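Below is one structure, written out as structure tokens; the observations come after it.
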Protein chains: 2
Amino acid sequence: MTSESPSIVDVAKRAGVSVATASRVMSGSTYPVSEGTRERVLLAARELRYVPNSLARSLKAQRSKLIAVLVGDNADPYFAQVARGVEEVANSHGYLTIICNTERDPIRELSYLQTLQDYRADGIVFTGSGSDETSVPEQLEIDDMIEKIQRRGAAIVMLSPHNLQAPSIQPDNLGGAYELTRYLIELGHTRIAFVTGPASVTVANQRLQGYRQALTESGITPDDTLLFPGNFTQAGGERAAAMLNQLPREKRPSAVFACNDETAFGLMYGLRQHGWRLPEDISICGFGNLPMARMVTPALTTANISLRELGRAGAQKILALLQHQDTSAQETFPTTIVKRASTIPFAHATSNIDEK
Amino acid sequence: MTSESPSIVDVAKRAGVSVATASRVMSGSTYPVSEGTRERVLLAARELRYVPNSLARSLKAQRSKLIAVLVGDNADPYFAQVARGVEEVANSHGYLTIICNTERDPIRELSYLQTLQDYRADGIVFTGSGSDETSVPEQLEIDDMIEKIQRRGAAIVMLSPHNLQAPSIQPDNLGGAYELTRYLIELGHTRIAFVTGPASVTVANQRLQGYRQALTESGITPDDTLLFPGNFTQAGGERAAAMLNQLPREKRPSAVFACNDETAFGLMYGLRQHGWRLPEDISICGFGNLPMARMVTPALTTANISLRELGRAGAQKILALLQHQDTSAQETFPTTIVKRASTIPFAHATSNIDEK
DNA sequence: TTGTAAGCGTTATCAT
DNA sequence: ATGATAACGCTTACAA
């Protein structure tokens, strides 16, 4: 138990030099040290199996070389990929990555922020947060905390829409949803349902807005009876399927826009359980283009977000901020729609044929 | 930039007490402090917005309250879920979780272990490592490193088979694969192909072994021409599909055991691209029971591993070890097979019908 | 080129 | 019950 890890003092002693010199060698300082002593120190360190203590180093240096990534849920492939991207860049720059699952709960978010402040994390990448709700008291505290963290010199980057005072890289949710809806309309669909995300989550509402905008522009009045509540999970999609199935035939939409891919997967599964044939009975699109989107049957039409790349970009922005390189405060991250088999022309849909 | 975070010294000054007293209050020590002073300290801390420095605390306490989880790739849902479970338990016990993507590369593994040693991580959960290759020089160094880490007093737990000196919780890969293969045999299949995992990765070979064992016991001689190389990815599964498709009709298997679910997904996708109908043309099973396994068409027969729970168990074992509670060195984690639509009786298979 | 010593923010030991 | 002080392991002025 008593782990007598050798410290730099031991190394110095063994090498017969001062701690300062030993430190200069071990820390890779540019400070001049004669070749002879350098080697003696290195040798001593090797012999003692010396391991520098990052905690002490960080304490002294006032920077931890720790980057945190706050995600809604790492078990969700969306977040898992973003986190992967963050870690990739962080690691290649000598940073460790701390992962925090917030479950989109402001209380948990706040608690993590507090802890990360305690640990003097150098950077924090936010994703899967962002609520429209400004009335929640925690939101104010989060605002406050974020400011404190930034004042300390740490960098914060948001990868989802947020009304906080921090640089962000935001996927073009509105644009993607708009394009996707336009595409459905071009296919001839007019009754297009929408399965929402969790209430008051900004990303979800941005997508809803894009959907509505496309409808309106095409002269279709958004019909709120075609809005079904979801929560970004497969289970939510399945519940929406049950509700769709309850609808009298003539009220059924010929297409559904699911707020994210997971929802679309659950929706497809649920509808099929209820005996619907896809895509004949209904066209479906998702959002995100998860790796499974092309694997399901029928392959899912969706909007691609290069999630791993988004994570990488987030981490890179953190690094840039830490070096006080001016980076634009708000960047947009492209989303491009991917047309696949889950959406077919209204002309081919059974809902259309039935009506004939 | 100059972040004048107040330290405990400032709090003490403001409260008009010694740092010792302030510390006793702030650290939640059991040491007696009069109610009056306690409140003065608390007030001062609040006014100064004092945030204890975990780095300093860890340095002093010789424990970092950091737990690391080493995964092959966090973008793989298998690992993402395990990591989620680890983080869940870690967080609820006041630990932060560091995530490390090793890409199953011993060099990267070693480098992470080194860094984690530097940071004095209290615990390390390994998963997605474990090679049969003992000849690789890095493997020896990893052994060495692990021992060093343990000597320091840190806890290490393996969640995949490993020939290292550390406690482990291992999913019953052999048993699951055995059961799954038995099931295929019961369905009447005799020509059962196997898509492997990455070469020399122990988990993959354990599954192969279970498959072989079941065949042999049923009097079927394992046929190595039915072994197709995979690598635990969708892409690997797709390549295997192409190879299967090349096979002359009479040499085709009537069922395939894919070494994990991702491979099975790729395989299904690939085969369908080549015009195969599933499950009529071939039965398929995977391993892992990822959330998508039930969503694909046909729903995938597979062996369930409660991955999040596995991660939780891993973290719990770390905590137990840190408190020197004796926990059994080697635990087995159950796998249970889940029968779904992707596997049908040989009697219903087209390969059988064709032969008639 | 090398060494001395102060300090990063805590906590624990020993006095008082 | 409270306080002074010495660590924890490292880096960096400042001296030599």
Side-chain angles (χ1 to χ4, degrees), chain A residues 1-41 44-45 48-66 117-122 152-153, chain B residues 1-42 44-45 48-66 117-120 122 152-153:
Chain A
M1 240 303 283
T2 16
S3 50
E4 2 61 56
S5 277
S7 80
I8 195 137
V9 186
D10 303 308
V11 174
K13 255 182 213 147
R14 177 161 195 123
V17 300
S18 71
V19 280
T21 306
S23 168
R24 298 202 253 260
V25 173
M26 298 314 299
S27 66
S29 148
T30 58
Y31 204 94
V33 173
S34 80
E35 205 41 50
T37 25
R38 152 161 283 116
E39 284 183 3
R40 287 219 310 289
V41 172
L48 291 172
R49 297 163 156 276
Y50 167 70
V51 177
N53 186 320
S54 296
L55 260 21
R57 192 175 271 180
S58 293
L59 175 60
K60 175 72 192 176
Q62 303 278 47
R63 53 123 202 65
S64 59
K65 284 270 185 174
L66 254 26
Q117 178 79 318
D118 296 355
Y119 273 87
R120 303 298 189 265
D122 291 338
R152 169 167 61 78
Chain B
M1 240 303 284
T2 16
S3 50
E4 3 60 55
S5 277
S7 79
I8 194 134
V9 185
D10 303 309
V11 174
K13 255 182 212 146
R14 177 159 195 124
V17 300
S18 72
V19 280
T21 307
S23 169
R24 298 201 254 260
V25 173
M26 298 314 298
S27 66
S29 150
T30 58
Y31 203 95
V33 174
S34 81
E35 206 40 52
T37 25
R38 152 162 282 117
E39 283 184 4
R40 288 218 311 289
V41 172
L42 254 21
L48 291 171
R49 299 163 154 273
Y50 166 70
V51 177
N53 186 320
S54 295
L55 259 21
R57 191 174 273 182
S58 294
L59 174 60
K60 176 73 192 175
Q62 303 278 48
R63 53 122 203 65
S64 59
K65 284 272 186 175
L66 253 28
Q117 178 79 315
D118 296 355
Y119 273 87
R120 303 297 188 264
D122 291 338
R152 169 167 62 79

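This is a predicted model, so every value here is computed, not measured. Note that these values count all heavy atoms, side chains included, but never hydrogens, waters or copies made by symmetry. In what follows, chains carry the letters A, B, and so on, assigned in the order in which the sequence lines appear, proteins first and then strands, with residues in each chain numbered from 1.
Nearest heavy atoms, A/P52 versus A/Y50: CA-OH, 3.3 Å. Of all the heavy atoms in B/A44 and B/V11, the pair that sits closest is CB-O, 3.8 Å.
Using modelled atom types, one side-chain atom of B/S58 and one backbone atom of B/S54 make a donor-acceptor pair closer than 3.5 Å. Looking at A/R40, its side chain does come within 3.5 Å of a backbone N or O of A/A15 through a donor-acceptor pair. Under the 3.5 Å distance criterion, the side-chain polar atoms of A/R152 are matched with a main-chain donor or acceptor of A/A121.
Contact annotation: B/S18 side-chain N/O to D/dT2 OP1/OP2 distance is not under 4.0 Å. Residue A/S23 has a polar side-chain atom (N or O) positioned under 4.0 Å from OP1 or OP2 of D/dT11. A sub-4.0 Å separation between OP1 or OP2 of D/dT11 and a side-chain N or O of A/Q62 is absent. Distances shown here put every side-chain N or O of A/Y119 at or beyond 4.0 Å from the OP1 or OP2 atom of C/dG9. The phosphate of D/dT2 (OP1 or OP2) has a side-chain N or O of B/S34 nearer than 4.0 angstrom.
Within the helix from C/dT1-D/dA16 to C/dT16-D/dA1, the inter-axis angle between the opening and closing five-pair segments is 40°, rounded to 10°.
Residue B/V19 has its side chain nearest to D/dT5 when only C/dT2, D/dT11, D/dT5 are considered.
Among the heavy atoms of the strands, none lies under 4.0 Å from A/V41. Backbone-only engagement by A/T37 is indicated by non-hydrogen atom pairs under 4.0 Å involving sugar-phosphate atoms exclusively. Residue contacts shown for B/S27 are limited to sugar-phosphate atoms, with no base heavy atom under 4.0 Å away.
Contact annotation: the side chain of A/R57 approaches that of A/S27 to within less than 4.5 Å [non-hydrogen atoms, C-beta and beyond].
Taking atom CZ of A/R63 as the reference point, atom C1' of D/dC10 lies 11 Å away to the nearest angstrom. Across the protein-nucleic acid pair, A/I8 atom CD1 and D/dT11 atom C1' stand 9 Å apart, rounded to whole Å. Protein atom CZ of A/R40 is 14 Å distant from nucleotide atom P of C/dT1, rounded to whole Å. For the pair B/E39 CD and D/dT2 P, the computed distance is 12 Å after rounding to whole Å. Between B/D118 atom CG and D/dC10 atom C1' the separation is 13 Å, expressed in whole Å.
Nucleotides of DNA chain D nearest to B/A61 and B/R24 differ in position, and the one nearer the 5' end is that of B/R24.
With rounding to the nearest 0.5 angstrom, the CG atom of A/D10 is 15.0 Å from the CZ atom of A/R49. With rounding to the nearest 0.5 Å, the separation of CG in B/L48 from CZ in B/R14 is 5.0 Å.
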_Let's go through B/L42 and B/M26 carefully: what are the C-alpha distance in whole Å and the side-chain angles of both, what is the deciding distance for side-chain contact (heavy atoms from CB on, under 4.5 Å) to 0.1 Å, and is it a yes or a no?_
CA-CA 8 Å; B/L42 254 21; B/M26 298 314 298; 4.1 Å; yes
*Any chance you could lay out the side-chain contact (heavy atoms from CB on, under 4.5 Å) test for B/L59 and B/R120, step after step, and finish with the verdict?*
CA-CA 9 Å; B/L59 174 60; B/R120 303 297 188 264; over 6 Å; no
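No hydrogens or angles were tested; on distance alone, nothing pairs the side chain of B/R120 with the base of D/dG9 as donor and acceptor under 3.5 Å. In terms of polar N and O atoms assigned as donor or acceptor, the side chain of A/Y31 comes within less than 3.5 Å of the base of C/dT2 in a complementary pairing.
Near DNA chain D, meaning a heavy atom under 4.0 Å away, the residues from residues 52-60 of chain A are A/P52, A/N53, A/A56, A/R57, A/K60.
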